Each structure stands twice: as C-alpha cells, then as structure tokens.
Asks: 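The structure follows.
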Amino acid sequence: MGLAPGDERRRRAVFQAADDIRAEGVEAVNLRTVWARVKLDHGVAGNNQTIGRYYAEWTADRCYVPAIEQSGMPKSVSTRLAKAGIELWGRRRPRPP
C-alpha cells in the first residue's frame, strides 16, 4: 500500500531538503532546518509530526548520525578569523637580535 499523493509529495520534499542541507554542509540537518527548507523551497504544508516521520525515515535511509558528521565552518566565522589573523600579523613587530 503506497502513500497518498499529498504524503508522497511531502516525503519527497523532506528527502530533497535534507539532502540539500547535508550537501551544503553549512548547517546541521535537523527537523527545524529541514522543516524551514521544505516550507521555503517546496511550499509543502504539514505539521511537525508528519514532517518528523519523513525526517526520521530519511535519517534511517541515509544512515545519518549528526554526532559524528562534521560540517564546514560557517563563512562568517572563517571571514572574521581571516581578518583577525591579518590584523595580528600586521601588528607583529620584529624581535631585536
């Protein structure tokens, strides 16, 4: 017995959103981020229970374990670190011989 057309659409939207978020590597894949992406990109209606069911299915299907998966450093953090490094390097004074 298959899913109803609306449920199949929600399932596909959740899987696509979770796959996209994971591939981008900027933010964690969790119910909050997937739900926000589903609403933004797919305009799919639902509730936490429905979306959560498909998110749980996605985590099992993809063997997703967020505790051991690393994501990249956010761009804003890496930019600030680079600027701080440049500033510190510019302040460096040569040591006397």
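Since this is a predicted model, take the numbers as computed values, not measurements.
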Asks: Would you call V77 and P74 a side-chain contact if the rule is heavy atoms closer than 4.5 Å?
Replies: yes
Asks: Are the side chains of Y54 and R12 in touch, meaning some heavy atoms are under 4.5 Å apart?
Replies: no
Asks: Roughly how far apart are L31 CG and I51 CD1, rounded to 0.5 Å?
Replies: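 One gets 8.0 Å once the value is rounded to the nearest 0.5 Å.
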Asks: Do the non-hydrogen side-chain atoms of E27 and R37 ever get within less than 4.5 Å of each other?
Replies: yes
Asks: For a 4.5 angstrom cut-off between non-hydrogen side-chain atoms, does V14 reach W35?
Replies: no
Asks: As an exercise, state the distance from CZ of R11 to OG1 of T50, rounded to the nearest 0.5 Å.
Replies: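 So the gap between those two atoms works out to 14.0 Å.
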Asks: Do D19 and R22 meet the salt-bridge criterion of a basic N to acidic O distance under 4.0 Å?
Replies: no
Asks: Give a yes/no verdict on a cation-pi contact between R53 and Y55, requiring under 6.0 Å between NZ or CZ and the six-membered ring centre and an angle within 45° of the axis.
Replies: no
Asks: For the pair T79 (side chain) and S76 (backbone), establish whether a donor and an acceptor sit closer than 3.5 Å, ignoring hydrogens and angles.
Replies: no
Asks: Check whether more than 12 heavy atoms from other residues, nucleotides or ligands sit under 6.0 Å from atom CZ of R62, and answer yes or no.
Replies: yes
Asks: Determine the minimum heavy-atom distance between A17 and V38, stating which atoms define it.
Replies: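 Scanning both residues completely, I find the closest heavy atoms to be CB-CG2, 3.8 Å.
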Asks: When you look at T33 and N30, which way does the side-chain contact (heavy atoms from CB on, under 4.5 Å) test go after all the steps?
Replies: CA-CA 5 Å; T33 58; N30 56 45; 3.2 Å; yes
Asks: Quick one, W58 and V34 - any side-chain contact, counting heavy atoms below 4.5 Å?
Replies: no
